[in-house]
Amino acid sequence: MKRSTLKTFIDVHSWTGLGAGMALFVAFYAGAITVFTHEVGSWDSYSVSVAQQQDLEQAQILLDLVIATQPVAGETLRLNLSSAQHPGNEVLWYERLQDGSFERREFRLNEQGVLNTSRDTSELAKFIYALHYKLGIPGTWGMYLLGIICFIYGIALVSGVVIFLPNFVTDLFIVRPGKNKKRFWQDTHNIVGVLSLPWHIMFAWSSAILAIGFFILAPFQVAVFDKDIAEILGPQMGQVQTPQASGKNGPMLGVTELLAIVQTQTPNLEATQLRVINVGDTNAVVRVIGDTNSEHIDAYATLTLMASDGKIVSVSHPATDSGGAIFYRGLIALHFVSYGDYLAKWVNFILGLAGAFLFYSGNLLWIESRRKRRQAVQPRNTVLLARLNSGVCIGCMAGISAAFLASRGFAHLSDRAHLMEAAYFTVFVSAIIWCLVRPVASGTRDLLNVCALFSVAIPIFDVLLLDTTPWASASAGQWELFLVDAVSLIAAFTFWGMARAVQRRALYGDPNSVWAAPVAIS
Amino acid sequence: MLLRSLVAVLLSIPATTAIIGVILILVPVNESLLMSLLLMVFPIWVVVSSAAYLALRPAASAAILCTISAVGFGLIAALKYAGLSGL
């Protein structure tokens with residue numbers, strides 16, 4: 001490869017990394033936690049969960065009560081069936097308000113069989129999930145921004161491979177710790193990047209499709225297709241044309257009867273949601289979504305039935321899907337880790353954290369590459385990047401730990417979700433400001449100590465504020481509390497160790513570095 | 001680098017559309033293959049953008065990408081005019 005080509009791709013890799021790195025760090029760190037979104041949700045909703053798992057009879061009572069007492073005629077209702085992690089049945093309705101926006105309404109059946117219309121305030125898992133694809137930016141702008149960042153991420157992957165290819169054999173499994181920090185960060189960056197490359201390609205690809213798929217397809221609608229692309233692709237993506245509402249009231253089969261009909265079509269289907277469209281109408285339709293428990297990467301199937309007589313309208317099953325649909329669903333299933341069991345989740349969790357490390361270390365590498373080795377005062381741009389890298393990346397981690405604490409600490413307040421979000425953003429913004437005003441080393445060390453403190457407080461809050469302990473809960477078969485608390489303790493210990501390493505480097509490392517203490521750190 | 005990147009990112013969009021569009025029209029695709037080809041847009045867009053950096057000057061990469069787009073869209077229009085497109 002020509003020297004000039006290699007230099008061009010090194011520049012491309014540096015600039016794409018700098019442009020996308022911090023946003024991708026937030027996406028990957030929050031995404032790694034989102035792998036365990038159900039577990040985090042169970043941890044968060046511990047105080048509101050019902051003890052006994054509700055059955056289909058109670059699901060029917062709940063649905064009937066919602067239809068009888070709420071103005072849902074002609075609307076769409078989602079009945080989420082109970083599971084081991086979410087023992088209560090739940091009906092969701094997105095009510096259209098006069099200004100055109102939608103308000104989420106939730107209904108549950110309490111232990112006395114009375115309709116509970118209060119909204120579940122445990123929003124932590126949803127918040128971290130949204131943070132992962134919107135970076136905390138309101139509306140859909142954050143998602144579009146991340147879609148564009150995925151494209152930059154794709155170019156960074158290609159340029160990274162091009163740069164690494166000449167030294168692929170000699171450098172692949174080498175990590176050289178020692179005084180040459182640039183060499184160390186480069187080796188770790190290379191080994192993590194190359195070994196997880198297929199996974200990164202999948203993530204860049206699937207994320208772009210999820211975030212800006214519509215915009216990617218738009219030029220084809222204008223220049224290539226005469227027909228509507230949505231009409232051609234819709235059925236393959238599980239979209240079904242449902243009959244128009246007739247405007248006449250009609251009966252609906254019971255939940256048990258509908259699921260029995262579904263079982264005749266797909267015997268092993270474990271239904272998770274029933275979506276009732278055109279509620280109360282003679283043309284009401286029920287979409288049953290469930291796990292087929294098959295060996296497909298995306299094992300979920302969707303059956304659409306007429307609510308009045310159970311006539312099957314359509315079946316979308318992984319065993320009979322077209323090649324294109326399997327391709328699409330496989331890519332999305334890989335993204336959401338909706339395959340495998342806990343082993344797949346743990347592997348993806350570790351890969352997610354490794355991905356976050358990749359972006360963080362890439363920025364460190366850029367800083368180290370531009371270090372002036374013979375002067376104490378370092379260039380402004382490297383100091384600024386070091387400050388921002390610590391503020392944004394470590395601030396995000398501290399903010400997420402703070403969100404866990406706030407969600408548990410304010411569990412008894414109706415405004416819990418807002419307070420939890422406020423805790424995240426307050427810590428995140430404060431962290432960036434702190435890093436901008438403090439010397440790089442002390443700012444970074446302080447933030448890592450804050451991360452450790454917040455993380456170790458999570459199990460302490462659980463022990464103090466819940467009417468059980470993580471170990472008692474685990475011995476009763478509910479592992480979510482134990483899992484979150486154990487991971488928090490490991491994280492706290494790791495953050496503390498990292499803070500000590502930053503401190504050591506500040507005091508005893510090369511004084512001509514952004515990481516050196518200008519005066520000894522107090 | 002900024003000009004080079006703008007050329008690579010922006011002009012790779014019509015070039016990618018033209019490349020995939022020609023394949024879609026020339027190859028008799030069923031609906032299943034159609035979706036698979038459309039899913040390939042993202043990796044091809046990334047590869048075309050990255051390849052644009054191989055040209056020595058931004059003007060050269062702009063010329064190559066514009067030529068790919070012009071030839072591709074011309075071919076698409078001609079094939080559609082000839083009634084050879086089923087899309």
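Source: prediction; values computed, not measured. Just so we're on the same page: letters track the sequence lines, and every chain starts at 1.
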Toward chain B, the part of A:I232 with a non-hydrogen atom under 4.5 Å:
both
Report which part of A:S159 has an atom under 4.5 Å of a heavy atom belonging to chain B: side chain, backbone, both, or neither.
neither
Please report the interatomic distance CG(B:L38) to CD1(A:I216), rounded to the nearest 0.5 Å.
10.5 Å
More than 12 heavy atoms of other residues, nucleotides or ligands under 6.0 Å from CH2 of A:W15: is that the case?
no
Taking only residues two or more places apart in sequence or in another chain, which ones pass side-chain contact (heavy atoms from CB on, under 4.5 Å) with A:S314?
A:V240, A:T304
State the CZ-CD1 distance between B:F42 and A:I212, to the nearest 0.5 angstrom.
7.0 Å
Is it the side chain or the backbone of B:L39 that comes within 4.5 Å of chain A heavy atoms, both, or neither?
both
B:R4: salt bridge (charged side-chain N to carboxylate O under 4.0 Å, His left out) partners, not counting sequence neighbours:
none
Give me each pair satisfying salt bridge (Lys or Arg N to Asp or Glu O under 4.0 Å) with a member in residues 10-22 of chain A, each pair once, sequence neighbours excluded.
A:K7-A:D11
Closest contact, heavy atoms only, A:G324 versus B:S36
CA-OG, 3.5 Å
Any residue of residues 51-75 of chain B which, by heavy atoms, sits under 4.5 Å from chain A
B:Y53, B:L54, B:F73
Against chain B, label A:A223 side chain, backbone, both or neither, depending on which of its atoms sit under 4.5 Å from a heavy atom there.
both
May I ask you to name which of A:G213, A:A325, A:G323 has the most heavy-atom pairs under 4.5 Å with chain B?
A:G323
Quick check on the interface: out of B:V41, B:I76, B:V47, who has the most heavy-atom pairs with chain A under 4.5 Å?
B:V41
CZ of A:F336: more than 12 outside heavy atoms within 6.0 angstrom?
yes
Please identify, among B:I20, B:I13, B:T16, the residue contributing the most non-hydrogen atom pairs under 4.5 Å to chain A.
B:I20
Approximate separation, where rounding is to 0.5 Å, of A:F327 CZ and B:M35 CE:
9.5 Å
Going by heavy atoms in the side chains, are A:W205 and B:P43 under 4.5 Å from each other?
yes
If you tally heavy-atom pairs under 4.5 Å between each of A:V12, A:I201, A:V162, A:I209 and chain B, the highest tally belongs to A:V12
Is there a side-chain contact between B:K80 and A:V224 (heavy atoms, below 4.5 Å)?
no
For A:F225 and B:L24, run side chain to side chain contact (heavy atoms under 4.5 Å, CB included): C-alpha distance rounded to whole Å, both residues' side-chain angles, the deciding distance at 0.1 Å, then the answer.
CA-CA 10 Å; A:F225 286 80; B:L24 283 170; 4.0 Å; yes
For residues B:T17 and A:P219, report the shortest heavy-atom separation together with the two atoms involved.
OG1-CB, 3.6 Å
Choice from B:G21, B:A18, B:S50, B:P14 maximising heavy atom contacts with chain A below 4.5 Å:
B:S50
Between A:F151 and B:S49, does a side chain to side chain contact (heavy atoms under 4.5 Å, CB included) hold up when you go through it step by step?
CA-CA 10 Å; A:F151 171 68; B:S49 302; 3.2 Å; yes
Please classify the contact of A:I155 with chain B as side chain, backbone, both or neither, using a heavy-atom distance under 4.5 Å.
both
